[in-house]
Structure formats: structure tokens, C-alpha cells
Participant: 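First the structure, which I've put down as C-alpha cells, then a few questions once you've had a look.
Bear in mind that the values here come from a model prediction, so they are computed numbers and not experimental data. Proteins get letters first, then strands, A, B, ... in listed order; numbering begins at 1 in each.
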2 protein chains.
Amino acid sequence: MQNSGRQSRRITAAQVAEAAGVSRSAVSRAFTAGAYLDRAKREKILKVAQELGYRPNALAAGLQAAGRSDLVAIVTGDLVNHYDAEILARLVQSLRGLGKWPVVLGGHEDLREEDVLGVLGYPLDALVLRGGSVAESVALHCAKLNIPMILSGRVMSAPGVDCVCCDNARGAAMAVRALVARGRRKLGYLGGVPHLSSDQDRRTGFETALAEEGLSPAVLAHADYSFEGGYAAARDLLAGGAEIDGLFCANDAMALGVMAAARQEGGLSIPEDLSIIGFDDISMAAWPGFDLTTVRNDMDETVSQILRLLSARLEAPGKDNEVAWIEPELILRGTH
Amino acid sequence: MQNSGRQSRRITAAQVAEAAGVSRSAVSRAFTAGAYLDRAKREKILKVAQELGYRPNALAAGLQAAGRSDLVAIVTGDLVNHYDAEILARLVQSLRGLGKWPVVLGGHEDLREEDVLGVLGYPLDALVLRGGSVAESVALHCAKLNIPMILSGRVMSAPGVDCVCCDNARGAAMAVRALVARGRRKLGYLGGVPHLSSDQDRRTGFETALAEEGLSPAVLAHADYSFEGGYAAARDLLAGGAEIDGLFCANDAMALGVMAAARQEGGLSIPEDLSIIGFDDISMAAWPGFDLTTVRNDMDETVSQILRLLSARLEAPGKDNEVAWIEPELILRGTH
DNA sequence: CAGTTATGTGAACACGTGTTCATAGCATTC
DNA sequence: GAATGCTATGAACACGTGTTCACATAACTG
């Protein structure tokens, strides 16, 4: 009953050393590849360590080797958004391939800036920030703490900050041209949260491309990047008697909501009565029953570029900041 | 050019102390609520710290206060699975409410056990394991390292391991009775990965409830818990001429895939020609166009219980292990 | 055999913090 | 006026590790 109830401490290298009858240094060396240590001794130590369930404390190790904690914070968008969820999955897996441990923040709308600043208490190897609007204020703190920052879905010019971003305007223009080529002339835009640059760029690209075709927008509407928001917006448009024959949606989730509303509330056929094009190319867009024409915001390429910039930045902390542009691609399916 | 290229070190408390003309102890006290420190002095220190961008190193702090690193590892399922994605989002947000930082692992099928063992190098406050099959081997290591483990979607009896699990058999039985009450007699089961206990329990519940109604399964099939898998399985069933009038699917994603296949490949009307019931109640199930009848595997309640068990375990590390059962609820919509 | 090199090894240091210890000043109480 | 209690403060310690330092032994080289 000596230790009852109390949380006993973690096994330490000193305890392993005592049990194996060696010095503590030897234990540390046993877990360090390439260190001078007698083979038999190393095996003895590893065996004892295994029995005791010893594992070097990563916190203490990270404290020792300054500048490499192997922790990387990811500030994600709302995971109800499928695009963010799929990106996160790829990102988490890829970071493990680099030996990094991802600390995940956000995942919901009310992401408090306080949380982001809080995680900076850890000596992070890097901070990956997906979209969002807190970038500017966070960047300042990152700079002071010498923590590299990688921005995805947004561009910012600051020392130590690298960016990966889709050419949103170009993607929007591709959608417009595809709709016009299909014979559509009364085109509408359904945007997302207006204060995000992704939405602004897609809208600008939409309007510019439309002007080049000698057309002007028939409708400019906004929702919240969600299926439900897209559904409600489309229902309101239909009820308001809006006359459109093509709609470009700022992301796929809203496009799917619009399709559901157009079919169920408006009795419309797609694409006969209304052409729809989305943005992102989430996995759901390819599902039979949706078959959504969309602009691919390539996730694999995005994650790949994030990792490339991350590695380069860790290699050369003082290098110039860089922006990796992701080329959009029009995926032709059945709704345009 | 003195420091060019080299990654300059993080600001430390000693540097703040020197800049503010106080002892290092005072700096530490300035960031500790309730410590004896002259008010003016504290304000001075905080001001200097702000200017220098100082932030106490959480690694060193965690090393100091043994037993509380505020790090919690989450081993999630594949995030392509919407249920896992939605659970993760809630979990991440809730853990922040407890002041914990979530380190996320997995998110893809090939979750290597090596990764899970690797994260145990950190002195975690706890490990949350969603579903999966690596539980047994991990539990042993957790026990040796005195790291509390919380299992979700799976039950295991071991000291220091708490579990949260839906009563899968009961949920399956509810689905069966709803189908029978609708007049269905030729019922099939579309399961997920067979070696997971969630699938086994749901199938057992299905068969038992069916037997109680004096019926036997018309079809027992398996897919991979994905939309695409459900679609393919349903197509094969239709091509094979299977005679069923009701299908219970082990999760919603497969149920949605089955619906798409039944409509597009088989030309069937739902629920007129075929009743379908899913499991989980992901947000998509409620979308117009799907309107899926399903057994709710309550996510809010699950996360809430995980947090309760976590708090209780941190409060009393030696307490008996506990299993929190989540009561399933039949959500009646339009597909049964 | 003398001289150089490669291999082992334990003691000691550094990482950056929170907290205890001892001491000192000051205000309050009897 | 002495005794007591509260506030404030810097030095010192502990946390658990990786690595350097000094030294010892063994293995080659000429």
C-alpha cells in the first residue's frame, strides 16, 4: 500500500541504469544511433529498458537539442468543411513521414486567437495555418519567436512566412468560360465568407472573366461555405424569381446544397435548366448522384508543397519567403 | 552579419530578467498567478517580456511540473470517414476547453503501430484511441508508462483504460424492428471491416433481433465503411439478383452509397422498393436528397463522456476502470 | 617495441523552467 | 517595545535528457 492511488512517476534513464548496473550515460547512448557503446552492453540495456517499459522522455530530449522539438502546430479550418477535413488527413499523415508530431487546433468557427498564441508556448518547429483570418496578428508573434509559419489558402508577405495558394482568380475564370461555352449567359456567383481572401479572389476572377466575355453578373450572393447555407441561398434565389441559367459556387459543399434545393424546391433539372460548377473537388463531388463539375483545388499538390516549403525553411531558416501557386484544373462532370 | 542564416535561439527568461534588471526568479513569478511579487515590478517585467516577444517555454515547464504536460494524443480513424472527422472536430475543440493540446495521429488506414508507440515518448496526460485494432498492444505500453488511455467505439478491460462505446447490438436491433414494423421481411446486412468489434456487434445485434422476429438474414455482405464501397456492394447485390426489401448498413457512408447504386444502377425507388437504414447519423444523413433513416451514435454525448472519463482519471489515477455506454437512438427519416 | 588511432566509459555540463529555502523588510498586534 | 505575521526577493535545486570532456583500454602501424 506504499504507492496506492498516487500516480507513480515515469521510468527514467537513471532507474534503467541502476537496474542494468551501468551509468546513466550508457543508457542514453544505447538509444542514440552511432554512439560508442559495447554491443553486448547495449543489448543488455535495451532488454532491461524493455522490461521496465522505459522510453526516453521526448520533452527533456527536445529541451536538450534546442531548435528541434519535432512538434508542428496545424491550425485547421472547420472540419465540417470536407475540404479542410481531407486536407488535414493528408497533412497529418505526411508530417509523420517527416518525423514531426502534429498538434491540431481549430476545427471550429470560434477559433480563439488566444489558443493560437497559447500553442506558441511550445518551441514549435513550424506553424501551419489553413485559411482563416488571424494570420496577420499571429505572424508577428511567430517572427519574434523565430517559429516558421506556412500559410495555406492565403497569401501574405512577411519574413519567415511561406505560402501555398491556389490561383483562385484563374480557377474562377475557367469556370466562367466553361459555362459560357455551354451557352450560358445569365451567370450568378455564390460566394462564401466575404472577408476571406479566397472568396474575394474567386469573385474578382468571376467578374473579370465575365467582363471579358462582354457579360455582367446576373446575381451575386453569399452563404457560409456549407451545404445548408448553399441550400438556403438557392431556395431564396428561386423564391425571389432570380433569372439565371448558370451558377458558379465558391466551394463544392455549397454547390451540392444548391443542387439539392434546385431539384427539390424548384423542380429544376441539372444541367438542363441550370448549370452548376463548384470549387475544390472534394471526394464527394465525384459521387454518383452528384457528379459535380468543379474546379480542382489540388489537395495532394497543396500538401506536397507545404511539406516542401517546410523542409526548405528548416534547412535554411533565413531564406527568402516563397509563394507556391497551385494551378487549378477544371474537372468536367455532369452538372455544367 | 553576425547572426546571418543561423536560427537564433528563443528568448529566455534569463534574457528578460537582464533586460528588466531583475532576477530570473522574478520573471518566472510574473507569469505565475498568485505568486508574491510587487505589482509595479510585475508590470515592468510583463512589459519587457512583451517587447522581446518572450513566452515561457512549455517544454521546460512541462518537464518541471512532472505529471502534467497538457499534451493529449488522439489516435483517430480515417478522416475520409465523416463520422471520424466530425468526432475529431468536437474532440479537439473540447480538449482545448480543458487546457489540453491535442496531438493527432492516424487519419489514414495504414496507421503504423510504430507511430502510436512513438508518441508515447512524450509524457502524455492521456491517450484517446478511436476504434481501430491496435488497442491491445498499445494498452500494455500505456500501462507501463502510467499514461491513462481512453477507448472510444471499442471496449477493453484493463487497469487504467476507460471506454466509451455505443450499444451497437441494441442499435442494430432498433433498426431491425423498424424495418419489420414497416412490413419488410427479406432483410440484409451490409457490414464494414469484419475484424472490428463495432461491425461484429452490429451484425450480432442484427441477427439476434431478426431471430426474435422469427426471421433469418436474406443477405450478409461486407464493404469497407466507405460510400464507394457501399455503392459497389449494392451494385453487386443487384447484379446477383439478391431478393431483399430492406437493408441495414453498418454506417451511414455505406448506406448513402447503397442508395445511389439502388437508384442509378437498379432503378429502384427508396423506400418503396427498398428500405434502407444506416448507422451513426452523420450530418450528411439529414441533407435533403438523402434524408436517411439511421441509428444515431451520438457524437456530442460520446465526446462529453470521453472528457468526463479523462477528467476523472486525471483526478484519481488509481480509480477503477469504467465503461460509459452511449444509448443509440433511432432517427426516423425518409428511407425506411 | 614505441607510437598512433579507434573504441569504451563515467563524470560533469547545459537546456529553460517552477518552486522551495533562507533572509530581509515592513506592518500589525498584544 | 517586543513579538508576530505578511510580503518580497534572489540563490539554489530539481526535472530528464543529449553531449562534451577527460581518461582508460585495446587495436593497429611502422
Participant: Establish, with yes or no, whether the OP1 or OP2 oxygen of D:dT17 is under 4.0 angstrom from a side-chain nitrogen or oxygen of A:Thr12.
Facilitator: yes
Participant: Below 4.0 angstrom from OP1 or OP2 of C:dA11, is there any side-chain N or O of A:Ser25?
Facilitator: no
Participant: Choosing from C:dC15, D:dT9, C:dT17, which nucleotide comes nearest the side chain of B:Asp38?
Facilitator: D:dT9
Participant: Give one of base, sugar-phosphate or nothing for A:Leu37, where a contact means two heavy atoms less than 4.0 Å apart.
Facilitator: sugar-phosphate
Participant: With B:Leu88, which of A:Val92, A:Val104, A:Leu88, A:Thr76 fulfils side chain to side chain contact (heavy atoms under 4.5 Å, CB included)?
Facilitator: A:Leu88
Participant: So, under a plain 3.5 Å distance rule, would you say the side chain of A:Ser23 forms a donor-acceptor pair with the base of C:dA11?
Facilitator: no
Participant: Could you please name the option among C:dG10, D:dT17, D:dT19 that lies closest to any side-chain atom of A:Ala26?
Facilitator: C:dG10
Participant: Taking only N and O in the side chain of B:Ser28, is any of them less than 4.0 Å away from OP1 or OP2 of C:dG18?
Facilitator: yes
Participant: Whole angstrom is fine here: how far is it from OH in B:Tyr122 over to C1' in D:dT17?
Facilitator: 13 Å
Participant: Taking CG from A:Leu63 and P from D:dG18, how many angstroms apart are they, rounded to a whole number?
Facilitator: 12 Å
Participant: When you check the phosphate oxygens OP1 and OP2 of C:dT7, does a side-chain N or O of A:Lys41 lie under 4.0 Å from one of them?
Facilitator: no
Participant: Expressed in angstrom and rounded to an integer, what is the separation of B:Glu18 atom CD from D:dG10 atom C1'?
Facilitator: 16 Å
Participant: Using atom CD1 of A:Ile45 as one end and atom C1' of C:dT9 as the other, report the distance to the nearest whole Å.
Facilitator: 11 Å
Participant: Both A:Arg29 and A:Ala14 contact DNA chain D. Taking the nearest nucleotide for each, which residue is further toward the 5' end?
Facilitator: A:Ala14
Participant: Write down the distance between CZ (A:Arg55) and C1' (D:dG16), rounded to a whole number of angstrom.
Facilitator: 16 Å
Participant: Please report the distance, rounded to the nearest Å, between CZ in B:Phe31 and P in C:dG16.
Facilitator: 16 Å
Participant: Between B:Tyr36 and D:dT7, is there a contact of a side-chain N or O with OP1 or OP2 at under 4.0 Å?
Facilitator: yes
Participant: Does atom CD (A:Glu315) have a neighbourhood of more than 12 heavy atoms from anything else shown, all under 6.0 Å?
Facilitator: no
Participant: For the pair B:Lys144 and A:Glu51, find out whether any cationic side-chain nitrogen is under 4.0 Å from an anionic carboxylate oxygen.
Facilitator: no
Participant: Write down the distance between CG (B:Leu145) and P (D:dG16), rounded to a whole number of angstrom.
Facilitator: 13 Å
Participant: Would you please confirm or rule out a distance under 4.0 Å between OP1 or OP2 of C:dT17 and any side-chain N or O of B:Tyr54?
Facilitator: yes
Participant: Would you say the base of D:dG18 and the side-chain of A:Arg24 have a donor-acceptor pair closer than 3.5 Å?
Facilitator: yes
Participant: From CD1 of A:Ile11 over to P of D:dT17, roughly how many Å is that when rounded to an integer?
Facilitator: 10 Å
Participant: Does a side chain donor of either B:Arg90 or B:Gln93 reach within less than 3.5 Å of an acceptor in the other side chain?
Facilitator: no
Participant: Within the 3.5 Å criterion, strictly below it, is a donor on B:Ser197 or B:Arg154 matched to an acceptor on the partner's side chain?
Facilitator: no
